[in-house]
Amino acid sequence: SHIKRSEIEALQLDFALDGVLDDPVPRDILEWPGRGNPHFQVNPDFSSVLTPASAFPAPFVDADGDGNYNVYDGDYPVMEGDEMVWYVFTDIPESGPSDLAVGADIAVCAYTFDCPGNDALENTIWMDYIVVHRSDILWDSAYFGVFLDFDLACPQGDFMGTAPQADMLYAYHAGSEDAYCTGIPVLPAEEIPVASWSFVNNSLDYSTLFVTSPGRYMHRPNNNVEYFNTLRGHYTPSDIPLVNGYQFTGNPADPAAWSMCTTPIEIPADMTAVGATGPMTFTPGDTLRFRTRISQHPAVPHPCPDINTYLIPDALQMKIWRNDGVLDAYPALPSVVDLPPGESITLDAGVDAQQYQWSTGATTPLLEISAPGTYSVTVTNQAGCKREAAVLVRPGNALAQAEIWSLQPNPLKSRGRIVCPDCPLSSELRLEIYNGQGGLIRTVAVEPDGAFQIARLTPGIYWIVLWSDGRRLEGKSMIIGQ
């Protein structure tokens, strides 16, 4: 699923206006695999969805509190960043035992922040891995690792290193020419960026680099023991040792430090790596979340870049911003607010920020207003990212959404009556009837005297919402008897 924050904000406004989505819904939001979604029935490859709807794993905001996802009830996906891609894969054997499968579902959320004021964030992709334990085995020494293959210019031109103090692995260009990269356009060395990857909410406990170059033997893991030992820093794939679980921990710019710049490695050389965290206990039913990020760093002098100057400060700062919630600070204005006649209300940006700029010119978190209209606020967070939100303030009326109507009788069979003493005599009333899965199944007109009739409705419990002159009132449960 590929979703933008702007798409969700547009849906929230559409729904807030009258409780109905009038505009087309983006397919990835309509088919978001949240629990109970009746609209998610076909996979992207056009095969049928076999997972029971009750087991759909994608997180969502449950606007109506019924426990199921349905965009037409005002529900929407939980958003990370300003644009995200969300997908799931599994490590569960399809048939019979497997010595390599641990029995887990893995959801991946890749996302970016739109922050032109911060080059580091603009050049970063965040990836969250949510691992759900589906087997009945207690893993008392579990590790989580990520395989990395940067290929900055071409596969044979990378050097790599580890910065444990920043929980980071990184790659840089090995030299000034890529003559050995047959058929691949060659970039000037100064235009090839340096790249880095790190754990954000976990520590980098082990790094294993796989080096393939002339005259250097490299053996990749190919069984469960070797994979496990790779994750815990006990597997050496070549003649390059691991020291305290890491390899190449020195600054490449330092001629006395341990890096690939000071180690005799012939070019061409293809570099890959595994960064791992652990051990940890992983019990059946548990969910573990691993947050990572990958960045490119343009305009870094190389070969042999100074990571202490150009990489580590950005890595540590982004780690702090992400873990402290700075990057999650978006304005929390409602989409629509009704202004009672003759009164004023206070709008709250709803977020701790460094700067506030309202469309009225105010620069405070709160704004008192007494006139209808559209008001917007732009906030700037500690990272220099600007986020904007707007609220439509409508002129209110005397019709409140309190407990002002009742249903008689309840339970009923086919005929009922709406009792609403405070509804205007000239108001046009209608009922919306929803089933137990949150799906709208019928709209019923209500007579001027409050009477309505329902035919051929299966006995059971339903949810009904009363509308008066286009204004949504509260909902109630309705029981259809035998």
Side-chain angles (χ1 to χ4, degrees), residues 11-12 14-22 25 30-41 49 51-56 58-76 334 336 338 396-482:
L11 284 176
Q12 289 176 304
D14 186 3
F15 188 83
L17 289 171
D18 57 5
V20 176
L21 291 179
D22 302 299
V25 178
L30 176 69
E31 297 182 355
W32 182 250
R35 175 185 172 88
N37 186 1
H39 307 289
F40 180 44
Q41 300 180 1
V49 173
T51 303
S54 60
F56 290 167
F60 63 95
V61 176
D62 190 5
D64 62 352
D66 67 351
N68 294 301
Y69 179 85
N70 190 332
V71 68
Y72 293 104
D73 291 339
D75 303 336
Y76 53 91
V336 178
D338 290 329
N397 54 48
L399 184 61
Q401 297 188 46
E403 186 77 20
I404 60 174
W405 68 277
S406 61
L407 172 64
Q408 297 179 358
N410 193 19
L412 58 89
K413 288 187 177 181
S414 61
R415 296 179 182 272
R417 183 178 301 276
I418 299 297
V419 180
C420 184
D422 295 330
C423 292
L425 295 176
S426 60
S427 65
E428 179 182 337
L429 301 176
R430 76 175 191 273
L431 280 177
E432 288 182 345
I433 304 175
Y434 295 82
N435 61 22
Q437 289 72 46
L440 177 63
I441 59 174
R442 193 172 302 180
T443 299
V444 177
V446 180
E447 300 296 331
D449 63 354
F452 65 91
Q453 182 171 347
I454 302 173
R456 296 184 299 277
L457 201 60
T458 304
I461 300 176
Y462 297 83
W463 184 257
I464 59 175
V465 175
L466 178 65
W467 291 76
S468 174
D469 288 337
R471 184 180 179 88
R472 177 182 173 128
L473 305 185
E474 62 173 344
K476 298 178 182 292
S477 61
M478 177 180 69
I479 302 174
I480 301 299
Q482 296 288 348

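Every heavy atom of this structure was used, including side-chain atoms; hydrogens, water molecules and symmetry mates were not.
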Quick one: pull up CZ in R415 and CD1 in I454 and give me the separation to the nearest 0.5 Å.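 With rounding to 0.5 Å, CZ (R415) is 11.5 Å from CD1 (I454).
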Measuring from atom CG of D73 to atom OH of Y434, what distance do you get when rounded to the nearest 0.5 angstrom?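 So the gap between those two atoms works out to 6.0 Å.
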Donor-acceptor check, side chain of [X] to backbone of [Y], threshold 3.5 angstrom: yes or no?
{"X": "D14", "Y": "L21", "answer": "no"}
{"X": "N37", "Y": "L30", "answer": "yes"}
{"X": "N410", "Y": "M478", "answer": "no"}
{"X": "D75", "Y": "A63", "answer": "yes"}

With sequence neighbours left out, what residues match A58 under side-chain contact (heavy atoms from CB on, under 4.5 Å)?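 Residues passing side-chain contact (heavy atoms from CB on, under 4.5 Å) with A58: W32, P33, W86.
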Inspect the contact between R430 and E428 and indicate whether a charged nitrogen and a carboxylate oxygen are less than 4.0 angstrom apart.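 Salt bridge: no.
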With side chains defined as the heavy atoms from C-beta onward, is the minimum distance between [X] and [Y] less than 4.5 Å?
{"X": "I441", "Y": "L457", "result": "yes"}
{"X": "R35", "Y": "F60", "result": "yes"}
{"X": "F452", "Y": "I464", "result": "no"}
{"X": "V71", "Y": "Y69", "result": "yes"}
{"X": "T458", "Y": "I480", "result": "no"}
{"X": "L412", "Y": "L407", "result": "yes"}
{"X": "F56", "Y": "V49", "result": "yes"}

Testing the basics here: between [X] and [Y], what is the closest heavy-atom pair and its distance to 0.1 Å?
{"X": "I433", "Y": "L440", "answer": "O-CD1, 3.5 Å"}
{"X": "G67", "Y": "D62", "answer": "N-OD2, 2.6 Å"}
{"X": "H39", "Y": "Y72", "answer": "NE2-CD1, 3.6 Å"}
{"X": "N70", "Y": "P38", "answer": "ND2-CG, 3.8 Å"}

Of all pairs that satisfy salt bridge (charged side-chain N to carboxylate O under 4.0 Å, His left out), the ones with a partner from residues 450-464, not counting sequence neighbours: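 Residue pairs passing salt bridge (charged side-chain N to carboxylate O under 4.0 Å, His left out), neighbours aside: none found.
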Start with the C-alpha distance between W405 and L429, add both sets of side-chain angles, then the distance that settles side chain to side chain contact (heavy atoms under 4.5 Å, CB included), and finish with yes or no. CA-CA 12 Å; W405 68 277; L429 301 176; over 6 Å; no
With sequence neighbours excluded, give me every side chain to side chain donor-acceptor pair (under 3.5 Å) pair touching residues 441-451.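 Matches after skipping sequence neighbours: none remain.
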